[in-house]
Engineer: 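Starting off with a structure, shown below.
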Amino acid sequence: MLSHAGETFKVELKRVASAQRFTLRVRNATRDVVLTMPARGSVHTARDFAERHAAWIGARLKRLPQPVPFAPGSIIPLRGINHVIVHRPDMRGTVWVEPYMGRDACAMLALCVAGEAPHVARRVSDYLKKQAKLDIEAAVTQHTKTIGRPARSITLRDTTSRWGSCTAAGALNFSWRIILAPAYVLDYLAAHEVAHLIHMNHGKRFWALTHKLAPQTERAEAWLKAHGASLHRYGG
């Protein structure tokens, strides 16, 4: 932990054999800092390095988007479309979507949540994960039919380092947060991992197959590069 100007920052030390110097990196998803150090570097030297750059760390962390809780009034994206969370304690059911007209006469969609207030965040999270499972499984099924090779399994997690992965055994893993992105981004991610069932690399044939399965590959990659990190702010 590192303290500066009345604030405390979490700094993770990471020894890397190939590192030639100390470097700092702010992670958007986890809102913390990684200090990479040479294998022979000392913890004392690492701490001194971090303390000398505390102002820089603080400034970078302050520029990160603020977390958006799954709470009434919060606006969250679902399939790339903004929804306002509306608590309906007197209604029966769990979570559903309906039209919503805001105070400024701006029309959007409402993500309505029934039940008691303490359960709102969990119900929203459960709903988003369920929608992610439905959309990802549908996209994977479509793409695996095209290539004629099924996936061994499909698992959803809340990963921070990658949006998806494919094991040598054909098990596909995805971040449920991709349901927050536009539909074409989710479709691309499913196609990307399905293409790995044929090509376990990122060579030319892999990318040719990915583009065939998802014609909007380049657009989706650009969206993830520009906006992907911000999806981790929701539910915080």
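Counting from 1, the numbers follow the sequence of the chain as shown.
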Engineer: Enter the distance from Leu209:CG to Ile198:CD1 here, rounded to the nearest 0.5 Å.
Structural biologist: 7.0 Å
Engineer: Using 0.5 Å steps for rounding, measure from the NE2 atom of His119 to the OG1 atom of Thr94.
Structural biologist: 13.0 Å
Engineer: Minimum heavy-atom separation for Ser153 and Ala171, please, with both atom names.
Structural biologist: OG-CB, 3.4 Å
Engineer: At what distance, to the nearest 0.5 angstrom, does CD1 of Ile85 lie from CD1 of Ile75?
Structural biologist: 9.5 Å
Engineer: Please find the pair of heavy atoms, one from Pro77 and one from Leu180, that lie closest to each other, and give the distance.
Structural biologist: O-CD2, 2.9 Å
Engineer: From Leu64 CG over to Asp32 CG, what is the distance, rounded to the nearest 0.5 angstrom?
Structural biologist: 10.0 Å
Engineer: I want to check something: taking the side chain as every heavy atom from C-beta on, are Ser175 and Leu156 in contact at a cut-off of under 4.5 Å?
Structural biologist: no
Engineer: Between Tyr234 and Val124, is any pair of side-chain heavy atoms under 4.5 Å apart?
Structural biologist: no
Engineer: I would like to know whether Leu172 and Thr155 meet side-chain contact (heavy atoms from CB on, under 4.5 Å); could you show each step before the answer?
Structural biologist: CA-CA 6 Å; Leu172 306 185; Thr155 303; over 6 Å; no
Engineer: Any side-chain heavy atom of Leu109 within less than 4.5 Å of one from Leu111?
Structural biologist: no
Engineer: If you look at every heavy atom in Cys166 and Leu197, which pair is closest and at what distance?
Structural biologist: SG-CD2, 3.8 Å
Engineer: Sequence neighbours left out, what passes salt bridge (charged side-chain N to carboxylate O under 4.0 Å, His left out) with Arg123? Give chain and number order.
Structural biologist: none
Engineer: Measure the shortest side-chain to side-chain distance between Val26 and Val34 over non-hydrogen atoms and say whether it is less than 4.5 angstrom.
Structural biologist: no
Engineer: Has Arg157 got its NZ or CZ under 6.0 Å from the middle of the six-membered ring of Phe174, at an angle within 45 degrees of the ring axis?
Structural biologist: no
Engineer: Under the ring-ring contact (aromatic ring centres under 6.0 Å, His included) definition, can you give me all pairs with a residue in residues 120-165, not counting sequence neighbours?
Structural biologist: Trp163-His232
Engineer: Within the 4.5 Å heavy-atom criterion, are His227 and Leu231 side-chain neighbours or not?
Structural biologist: no
Engineer: Between Gln216 and Tyr188, do the side chains contain a donor N or O and an acceptor N or O under 3.5 Å apart?
Structural biologist: no
Engineer: Does the side chain of Val33 come within less than 4.5 Å of Glu12's, by heavy atoms?
Structural biologist: no
Engineer: What residue pairs, at least two apart or across chains, pass salt bridge (charged side-chain N to carboxylate O under 4.0 Å, His left out) with a residue in residues 80-90?
Structural biologist: Arg88-Glu98
Engineer: Whether Glu221 and Lys225 form a salt bridge (side-chain N of Lys/Arg under 4.0 Å from carboxylate O of Asp/Glu) is what I want to check.
Structural biologist: no
Engineer: Nearest 0.5 Å, please: how far is CE in Met37 from CG in Leu13?
Structural biologist: 6.0 Å
Engineer: CD1/Ile76 to CZ/Arg233 distance, rounded to the nearest 0.5 angstrom?
Structural biologist: 11.5 Å
Engineer: Is the number of heavy atoms from other residues, nucleotides or ligands under 6.0 Å of Arg162 CZ greater than 12?
Structural biologist: no
Engineer: Does any pair with a residue in residues 198-212 pass side chain to side chain donor-acceptor pair (under 3.5 Å), and if so which ones, sequence neighbours excluded?
Structural biologist: His192-His202, His196-His202
Engineer: Give a yes or no on whether the backbone of Lys14 and the side-chain of Thr36 come within a donor-acceptor separation of less than 3.5 Å.
Structural biologist: no
Engineer: In the hydrophobic clustering that connects Ile, Leu, Val, Met, Phe, Trp and Tyr at side-chain heavy-atom distances below 4.5 Å, which members other than Met91 occupy its cluster, ordered by chain and number?
Structural biologist: Trp96
Engineer: Start with the C-alpha gap between Ile136 and Ile179, add the side-chain angles, then the distance that decides, and say whether side-chain contact (heavy atoms from CB on, under 4.5 Å) holds.
Structural biologist: CA-CA 8 Å; Ile136 289 172; Ile179 193 63; over 6 Å; no
Engineer: Tell me the closest heavy-atom pair linking Leu35 and Phe49, and the distance in Å.
Structural biologist: CD1-CD2, 4.1 Å
Engineer: Side-chain donor-acceptor contacts of residues 128-135 below 3.5 Å, not counting sequence neighbours, with atom names and distances?
Structural biologist:
unit_1 : atom_1 : unit_2 : atom_2 : d
Gln131 : OE1    : Arg79  : NH2    : 2.8
Lys133 : NZ     : Glu137 : OE2    : 2.9
Asp135 : OD1    : Arg79  : NH2    : 3.2
Asp135 : OD2    : Arg79  : NE     : 2.7
Asp135 : OD2    : Arg79  : NH2    : 3.4

Engineer: Out of curiosity, does Trp176 fall in the hydrophobic cluster containing Val97 (side-chain heavy atoms, cut-off under 4.5 Å, transitive links)?
Structural biologist: yes
Engineer: Which pair of heavy atoms, one from Val113 and one from His87, lies closest together, and at what distance?
Structural biologist: O-CD2, 3.2 Å
Engineer: What heavy-atom pair brings Ala191 and Ala214 nearest, and what distance separates the two atoms?
Structural biologist: CB-CB, 3.7 Å
Engineer: Short question: side chain of Thr144, backbone of Val140 - any donor-acceptor pair under 3.5 Å?
Structural biologist: yes
Engineer: Within the 4.5 Å heavy-atom criterion, are Ser125 and Arg122 side-chain neighbours or not?
Structural biologist: no
